[in-house]
Number of protein chains: 2
Amino acid sequence: MEKDSTYFGVKEIARRANVSIATVDRVIHNRTGVSEKTRKKINEIIKELDYQPNILASRLASKNIIILAILIPRVSEETDFWEAPLRGIQRAEAEIKQYGIQTINYFFDLNDKDSFIKQSNLILEKGVNGVLLSPSFIEQSILFTQECQKRKIPYVFIDSNIPEQHSLSYIGPHLFKSGYVGAKLLTYRVKSNNKVLVVNISKEIENYNYLQIEEGFRTYFKDNHMDNEIVRIDMKETDYLSVARHMTYVFHMHKDIEAIFVTNSRVFTVASFLQNSHRKNISLIGYDFIKENVQHLNTGVIDFLICHKPEEQAYRAVMALYQTLVIGSSVEKIQYMPIDIITKENYEFYQN
Amino acid sequence: MEKDSTYFGVKEIARRANVSIATVDRVIHNRTGVSEKTRKKINEIIKELDYQPNILASRLASKNIIILAILIPRVSEETDFWEAPLRGIQRAEAEIKQYGIQTINYFFDLNDKDSFIKQSNLILEKGVNGVLLSPSFIEQSILFTQECQKRKIPYVFIDSNIPEQHSLSYIGPHLFKSGYVGAKLLTYRVKSNNKVLVVNISKEIENYNYLQIEEGFRTYFKDNHMDNEIVRIDMKETDYLSVARHMTYVFHMHKDIEAIFVTNSRVFTVASFLQNSHRKNISLIGYDFIKENVQHLNTGVIDFLICHKPEEQAYRAVMALYQTLVIGSSVEKIQYMPIDIITKENYEFYQN
DNA sequence: ACTGCTTTCGGGTACGTACCCGTAAATATA
DNA sequence: TATATTTACGGGTACGTACCCGAAAGCAGT
């Protein structure tokens, strides 16, 4: 069991080029102090040998550590959704800590645009090497990432995208398609002409995500020539009583609602309402693998949950930055996450 | 940006214990040549400092490479299912090659027990450090893994499990639950009293998997007090004509079959039959994200595919061996894969 | 006390890369 | 031509661990 002796390192390159290791190192890292002639010669040999740097040795010898900033919403009582990405980040960090990589969390408040601005400025002051962010506030995110661009700091979006920006990558759901899948599941057993209700419950100022989801949802009906009436309702208050009030009103206005689609993780509130008001035989679909939702999935009030692996999103985002900054390999510009379907029967095996 | 200076390595341990680095190294690796007194003292300091070895440096300095044997079915015209695990293995190997880890593939023929025996003997002769295997032939797998046990070679099962064996880990589906999910999807829109057909198409000698899936499938009906008649049929020939013949016969005998559940990836053959014989309005569910199946998913003949991430299974299995052999960390004894539901609407985002 | 053997331990080099520092050569300035 | 400045490059050490080799210490038997 001997080490692969066919491996060629800087030493061999230096030998072949009749230069020192230090000079080869200069070429590899595009440092100054090498004549054009030597540089060319060394680069040729590097290509010829298909030189792959040994990352172990590289990171071991290198002194400087790489700092990644994480700019995501704070976990609030509002929703514990962002716990999952946080886990993914920690998992990734544990794996690559040995390579001299550190992450620093910058949390902002989803109800407070200014907190986003404040945190993003802190990141710029700190002078980090890479950024992972959820662009919850679009305008502010654009300003911030433009500044990153200027400073050559790579950044990755998760959860939702701003396609026009030059992000290193977007890692998250295809929201339109996600709504489309929701419609398919909802209509899989819906009867011909009954009504369908779309519910959006969100305090959040921006609801960019929601619009794309609903568009996908409606498109499915169009594509399949289903002319069920789609009733929609917006709720700015997220507490149970407000939701119950709104729901009571809707059911009063529309007697024949057969299926409900909630566009985010607050579906459990609607589930509670259905349960408390003893309404059965109504299909209910919503988003995200959070505790409250799984409970209602288990009791059968929620039929399906759709989920986009938030933990995995963040994990991959960190890894994408790592790949760029340490390995120097390229990264897929858009990585759509799977649109996972969770039911009472398979939830126990779900991997967020 | 300086390296974390709070890190204590062997050097610091040696200094505190008034011994050389070499002696500390002996203690860490349980080598001989250290007095009981010194050993104890060093171990105490190690514990006190919560010493974490630097894997980079460790693997860089170590000369011996670690060889992992992969014992899985050959990719045949029969089914390209095993292409996916192969990809997962290659992905894992690429990631950890730098750590001095190599994999060697040993393919066997699913129709030939002897080929399994032959390949497993080759592995034992080679003297590898770890094994990843799909225990397609149960008896032979038991014999082989017992031999591994004797030689202290860790092994990981994927795809299906032999619970009694002391494998390092099982990484694969919970087959019973998988059949259960299949039943849920199938019955989600099934009408009261029509018949349901379970199809098993397999040349393979052993079909241990199949039995567990069918059990789960039937249990769902019991649990939900559905008394639909469940017709079952076995086919030993996998070619289209044979399948079509069998199917014609079944439909002749049972006019009112409303839904079909195929227990493995050969569902596309049944789909072709339904398409060619112009039978509509029959729900069809089967297994695995392979090209042929996705095509029928797309045309709407197959309603759902269930899949257990075969690529990911193999990737994780390699990583589990790596963790044990290199990092020395422990590994989950059973890692059930998600029971993924694939539809026409979400298949393009599926990650195998 | 001498030889031979075992146990216990330390010095030192190697892994492949990063990077500091010093110096020779090339070029510019006087 | 002499001196200052820049450019090009090499020597050598460091990162943290693995492991070879040799030596000192301890112990046995004579």
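Every chain is numbered from 1 and lettered A, B, ... according to where its sequence line falls, protein lines coming before strand lines.
- Looking at which nucleotide of DNA chain C each of B:A57 and B:N18 is closest to, the 5′-most match is held by B:N18.
- Aromatic rings of B:Y155 and B:F157 (six-membered ring for Trp) have centroids within the 6.0 Å cut-off, being under it.
- In terms of phosphate contacts, B:S58 brings a side-chain nitrogen or oxygen within less than 4.0 Å of OP1 or OP2 of D:dA18.
- A straight line from CD of B:E12 to P of D:dC15 spans 13 Å, rounded to a whole angstrom.
- Map B:P53 and B:R26 each onto its nearest nucleotide of DNA chain D; the residue landing nearer the 5' end is B:P53.
- Whole-Å rounding puts the A:N30 CG to C:dC19 P distance at 13 Å.
- Counting any heavy atom pair closer than 4.0 Å across all strands shown, B:G9 reaches sugar-phosphate atoms only and no base atom.
- Computed from coordinates, the B:L60 CG to C:dC15 C1' distance equals 4 Å when rounded to whole Å.
- B:D25 comes within contact range of at least one nucleobase, with a heavy-atom separation under 4.0 Å.
- Put simply, the side chain of A:Q313 never gets that close to the backbone of A:M337: no donor and acceptor are under 3.5 Å apart.
- For D:dG16, neither phosphate oxygen OP1 nor OP2 lies less than 4.0 angstrom from any side-chain nitrogen or oxygen of A:Y99.
- Counting only residues at least two apart or in different chains, salt bridge (Lys or Arg N to Asp or Glu O under 4.0 Å) contacts with residues 84-101 of chain A comprise A:R87-A:E311, A:R91-A:E311, A:R91-A:E312.
- Contact annotation: A:K37 does not reach the phosphate of D:dA8 (side-chain N/O to OP1 or OP2, under 4.0 Å).
- Nearest nucleotide to the side chain of A:Y7, out of D:dG16, C:dG16, C:dC19: C:dG16.
- With A:S141 contributing its side chain and A:F137 its backbone, the two residues share a donor-acceptor pair below 3.5 Å.
- Using a 4.0 Å cut-off, no side-chain N or O of B:R59 falls inside it from OP1 or OP2 of C:dC15.
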Dump the intermediate steps for side chain to side chain contact (heavy atoms under 4.5 Å, CB included) on A:L86 and A:N105, then the final yes or no. CA-CA 9 Å; A:L86 216 48; A:N105 295 324; 4.1 Å; yes
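- One can place CG of A:N64 at 15 Å from C1' of D:dA14, the figure rounded to the nearest angstrom.
- The distance from atom CD of B:Q98 to atom C1' of C:dT17 is 12 Å, rounded to the nearest whole Å.
- Between A:K11 and A:R31, the residue anchored closer to the 5' end of DNA chain C is A:K11, taking for each the nucleotide with the nearest heavy atom.
- Listed pair A:S35 / D:dT7 fails the phosphate criterion, with no side-chain N or O lying under 4.0 Å from OP1 or OP2.
- Rounded to a whole Å, the CZ atom of A:R15 is 17 Å from the C1' atom of D:dG10.
- Here B:E12 pairs with B:R16 in a salt bridge; the nearest charged N to carboxylate O distance falls below 4.0 Å.
- Residue B:T23 places its side chain closer to C:dG10 than to any other of C:dG10, D:dG10, C:dA18.
- Of the candidates D:dC20, D:dT17, D:dC9, the closest approach to any side-chain atom of B:A22 belongs to D:dC20.
- With C:dA18, C:dT17, C:dC15 as the candidates, the nucleotide lying closest to the side chain of A:N54 is C:dT17.
- Whole-Å rounding puts the B:I13 CD1 to D:dT17 C1' distance at 11 Å.
- Across the protein-nucleic acid pair, B:I21 atom CD1 and D:dC15 atom P stand 11 Å apart, rounded to whole Å.
- Contacts of A:T32 with the nucleic acid, taken as non-hydrogen atoms under 4.0 Å apart, are absent.
- Proximity note for B:A61 (side chain, C-beta onward) versus D:dC15, D:dC19, C:dA14: the nearest is C:dA14.
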